[in-house]
Structure formats: structure tokens, C-alpha cells
S.K.: 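Let me give you the structure first, and then I'll get to my questions.
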There are 2 protein chains.
Amino acid sequence: MNAAPNLAAIGALIGHPARAVMLEALNDGRAWTANELAMAAAVTAQTASTHLKRLVEGGMLVVEPQGRHRYFRIASSEVAEALEALEVLATRRGARPGLGAVRRDPITQARTCYDHLAGRLGVALTESLVAQRHLGEDDNGYTLTPAGARIMTGLGIDLTAVHQRRRMFARKCLDWSERRHHLGGALGAALTERLFELAWLKHFPRSRAVKVTRQGASGLKELGLALDPSS
Amino acid sequence: MNAAPNLAAIGALIGHPARAVMLEALNDGRAWTANELAMAAAVTAQTASTHLKRLVEGGMLVVEPQGRHRYFRIASSEVAEALEALEVLATRRGARPGLGAVRRDPITQARTCYDHLAGRLGVALTESLVAQRHLGEDDNGYTLTPAGARIMTGLGIDLTAVHQRRRMFARKCLDWSERRHHLGGALGAALTERLFELAWLKHFPRSRAVKVTRQGASGLKELGLALDPSS
DNA sequence: TCCATGCTTCGATCTGGATCGAAGTATCTC
DNA sequence: GAGATACTTCGATCCAGATCGAAGCATGGA
């Protein structure tokens, strides 16, 4: 049994500029309409339609009709993880944020990587949680300390439900813009979701980029969590 | 900063049939010559040459000249992990081994997935190590028990060196042919390498497929490790 | 040194897939 | 019901990239 034909097919799905833009946009974890994706990719509605059809048939996206609108989103966390792995490679070969430069670009500052927080903010929060000993590190990723469990529960996160999800609990996720780790896995997703629910985070319009709200900044400060990575 | 152009470029590298065959072949962890890869992909040497050049420039492969021969191999474990993540997706959408059928295909039986053992054998050994309590499981992957450490050390594996590698120690790696986990990470790689060194495993010629030698079967049996997954 | 082999480069040919104008279908709003 | 909007399908056009024959360069062996 040879996997190469299907590997090539998946690669080809990702390997076209318009489709890559769409996948990137959808990696904010939200659902987008066909029209929004056409505009994001700077193609006509009919071109977007054929691309989206291929992405759905290829298992990368799922579509939900709501009246005249068709909402597309990434099909699974497996798809997101594969895109993430490719992004790490893509950044290694592409232009990378200068080492010394402080980038002000909203995407590198803070963004959602499907369902968890990435960018400078993602790295900062993660490292802060480690420094405060809310997160430990073991051979395979992060662990949650008793103090960390109290913080999460205090924020309203149901840790039992998080443990029961069929994915890694607390993954060390290599951040493509920072080349350091941010918290992924079920815990990273739960924390990020909760911070959005609390309105401590919100999205820039039509973007993966994320900003910390005023109440978020003060809430995170109270927890002793930093908004900038240590140097 | 938008990552889509580079994402599309990486996808396109993988997304061509001849190149996908080459990447698949190289995922056995060995180095192949340009001619061997041309034959694997059923293209002429000149076509292979242009493809290989693109894969090297794209950071997927590295090349080492040895006299007239040029040996290509996968550039890093990050590349291998990205390919693996895509393979999981690719199998989900492609023809999948029938549930009830017992596949005799050497690739699904046992193969190397870059640097660790996969397929039925990889899953069997992993589950056996878990059943014998040589491996534990935690939130993020596998852990090595004291009994497991004795086994590994007894086999000649330097666990200190394994711990120092900059990658996950003992990863739960979803096997694309079995839809169950096999042992990946630095430990999976070290164990597999050692089993080849001991001549307990050997490759089918020019293939990712792996066979257990007679001494391997008896050595593994002595350790109480199964060659077939439990049902 | 000559011949064989491995590999790369060059240039011409071909094709698969992206693209968009036009048209059609479905849903929404007044 | 009419008009607007969202989206899909159809068909013609175009082009980027794959392909291989030919030629050239590098290495190995007799």
C-alpha cells in the first residue's frame, strides 16, 4: 500500500496560493463565508467556489449552510496540526522576523492558531505560566501543577472535560513566528476559549490577529501573567 | 506578516506525484541516490534531478555527494513530522485498510516512519511495552517506567543521550495504517535504531518495509514483546 | 587515457488546472 | 412577486510547470 498518491493530493490542495490564503484565514478557528474567503484570497466568487469545493472534498474543510450563506471551517484539529507543522517548515525557509527587530505586526504579536493562542502573547503567557510554576515541563510537553489547576479552575475551565478530550493535554507547540514554544493541546485550547469568553481577548476583524482587552490586561496582570516574553 | 505564500510553496513541493513518491521513499530514514529516487518515481534522471533540486532548495531534503553518487535524505525530524501529519490526513481521505481484513502488505505490517517503527509491528511492540508496564501513559504521551528503563539499558540504549535530544521523549504517534498509536519521539527512534544495530530488524531492499529477523523474533519474545497487536 | 556511469543543464513540447464571463439556482428582503 | 444577494456550474482561454531528448560535466574503473 503506497500512500504517495494521497500525500501528493493533500500537498496539492495546500500548494496553491489562493487555497493557502483561505486555509490561513480559517486557521483563526472561526467559520468564514465563501464570499469572505474569496475576498481574502483576492479571487472571484466562482474561482473561490471551485477551490472551496476541492478543499471540502479533500477533507480539509467542512461546510455548513445557513440560509444563503455557506460557512466554511477547518475540518478537524488534525488538519490544523498538519497546517501548523507545515507552517513551521514554511517559516524556516521563508523570511523570518529579524532576531533583533521588535515586530509590531499584529499577527506575530498575538494570533489564534486554530484553537489556541500563538505569537508573542502565546509564548509570553506560556513562559509566564511556567515561571510562576503553574505549568511544569516533562519529557513530552507541559504538565499542570496543583497551583496551575487552581488558576484554571478559578478561571472557569472544566479540567475534567479537558482531560477527556482525545488529544494531547498540554502540548509544546513550536511557534513559527517566535521559534519558542507556546501552550497547545486540549489545555491550550480550553484556556484560549475561556479568555475569549471572558472578553479578555478579542479578534481583530477578519483576522487571526488577537488583541488583549483592557479588562484582559488587568485580569492577566492580577494572575501574575506577562504579556511580553522574557528576552 | 502572512505565511500563506510559503505555506503554498511547501504544499506545492509535496503536491506532485513524483516528488511525493520520493519523499515517501526517503521516509524510511535512509539516504537514497538520485538514480534510485528516479527509479522509485518512474521518471528519467533529468526529471528527477529538477525535482530533487527543488526539494533541496525548499529545505525538505539535504544532499551529500559521495564521488559520483549524490545521496539525498530528509532534512530534519521536523520535515518528517510534517509529512507524518499529512499522511494521517491523506489516509483518512484515501483508501484505508479494511477493518476486518488482515493485510499482508509489508508496508502496513512494519515500516520505518523516518526514524521509528510503525505499522502493525510498531503498534504491537508499543502496546506490548505498555501492557508489560515498561511504558506508562500520561496526558501528553508515553513515559518510561523503571522496569522499562532497565529493558532499554539492557538493550544498549543510552537513556541520558535520549533525554538530551531536543524533541519529545516518547511521543504517541498516530499510525496511519493502523489508526492506533506507536511509539515515536527520541525514545522510539533510539529503540528502532538499536533493533537495527542488533540485526533484530532489517529492511526489505529499497523499501520502508521492515522484517523481523529470526534472532529478532526470539530476542523480542524473550523480552515478552508481541509481534502482533492485540485485537 | 578511454570508456562507462551518475548526474545536471538546456530547450522544446504538452497538459492540467486556474481563471473569469456568462448563466443558473437558492435564499433573503421589501 | 420582484429585485438583490450569495453561491455554483459551464465553457473558453491561458500559462506554469512537468517531461524527456540531447548535450555537457564529474567521477570511477580498467
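Here is how names work: the chains are called A, B, and so on, in the same order as the sequence lines, proteins then strands, and each is numbered from 1. Predicted model only: the values in this text are computed from it and were never measured.
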S.K.: Can you check the Leu13(B) CG to dG17(D) P distance for me, whole Å?
M.R.: 11 Å
S.K.: More 5' along DNA chain C: His51(A) or Gly67(A), using each one's nearest nucleotide?
M.R.: His51(A)
S.K.: Mind checking if Ala34(B) touches a base, just sugar-phosphate, or nothing, with heavy atoms under 4.0 Å?
M.R.: sugar-phosphate
S.K.: Just to confirm, is there a sub-4.0 Å distance from OP1 or OP2 of dC20(D) to any side-chain nitrogen or oxygen of Thr47(B)?
M.R.: yes
S.K.: Counting side-chain heavy atoms from CB outward, which of dC20(D), dA18(C), dT8(D) is closest to Arg19(A)?
M.R.: dA18(C)
S.K.: Check the distance between dC10(C)'s C1' and Gln46(B)'s CD and give it to me in whole angstrom.
M.R.: 11 Å
S.K.: For Leu37(B) and dT8(C), give me the distance from atom CG to atom C1', rounded to whole Å.
M.R.: 15 Å
S.K.: For the pair made of CD in Glu57(B) and P in dG17(D), what is the distance, rounded to whole Å?
M.R.: 13 Å
S.K.: Looking only at side-chain N and O atoms, does Lys53(B) come under 4.0 Å of OP1 or OP2 in dT9(C)?
M.R.: yes
S.K.: Ignoring the backbone of Thr44(A), work out which of dC7(C), dC20(C), dC20(D) is nearest its side chain.
M.R.: dC20(C)
S.K.: Taking the side chain of Arg68(B) as heavy atoms from C-beta outward, which of dC20(D), dT27(D), dT19(D) is closest to it?
M.R.: dT27(D)
S.K.: Would you kindly compare Ala42(A) and His69(A) by the position of their nearest DNA chain C nucleotide and give the one closer to the 5′ end?
M.R.: Ala42(A)
S.K.: Between Phe72(A) (CZ) and dT8(D) (P), how many Å, whole number?
M.R.: 5 Å
S.K.: Run the numbers on Leu174(A) and Glu78(B) for side-chain contact (heavy atoms from CB on, under 4.5 Å), then give the verdict.
M.R.: CA-CA 10 Å; Leu174(A) 185 61; Glu78(B) 272 173 356; 3.4 Å; yes
S.K.: dA18(C) P sits how many Å from Leu55(A) CG, rounded?
M.R.: 10 Å
S.K.: Distance check needed: dT19(C) C1' versus Arg54(A) CZ, whole Å only.
M.R.: 14 Å
S.K.: Counting side-chain heavy atoms from C-beta on, which of dT19(D), dT8(C), dC7(D) comes nearest to Arg70(A)?
M.R.: dC7(D)
S.K.: Ion pair present between Arg171(B) and Glu84(B), side-chain N to carboxylate O less than 4.0 angstrom?
M.R.: yes
S.K.: Establish, from distance only, whether the side-chain atoms of Gln215(B) and Ser218(B) form a donor-acceptor pair under 3.5 Å.
M.R.: no
S.K.: CG of Leu52(B) versus C1' of dT19(D): gap in Å, rounded?
M.R.: 15 Å
S.K.: Ignoring the backbone of Thr50(B), work out which of dC7(D), dA18(C), dT19(D) is nearest its side chain.
M.R.: dT19(D)
S.K.: So, are Glu24(A) and Arg208(A) salt-bridged, with charged N and O less than 4.0 Å apart?
M.R.: yes
S.K.: In terms of side-chain heavy atoms, does Arg111(A) have a donor or acceptor partner in Ser177(A) at a distance below 3.5 Å?
M.R.: yes
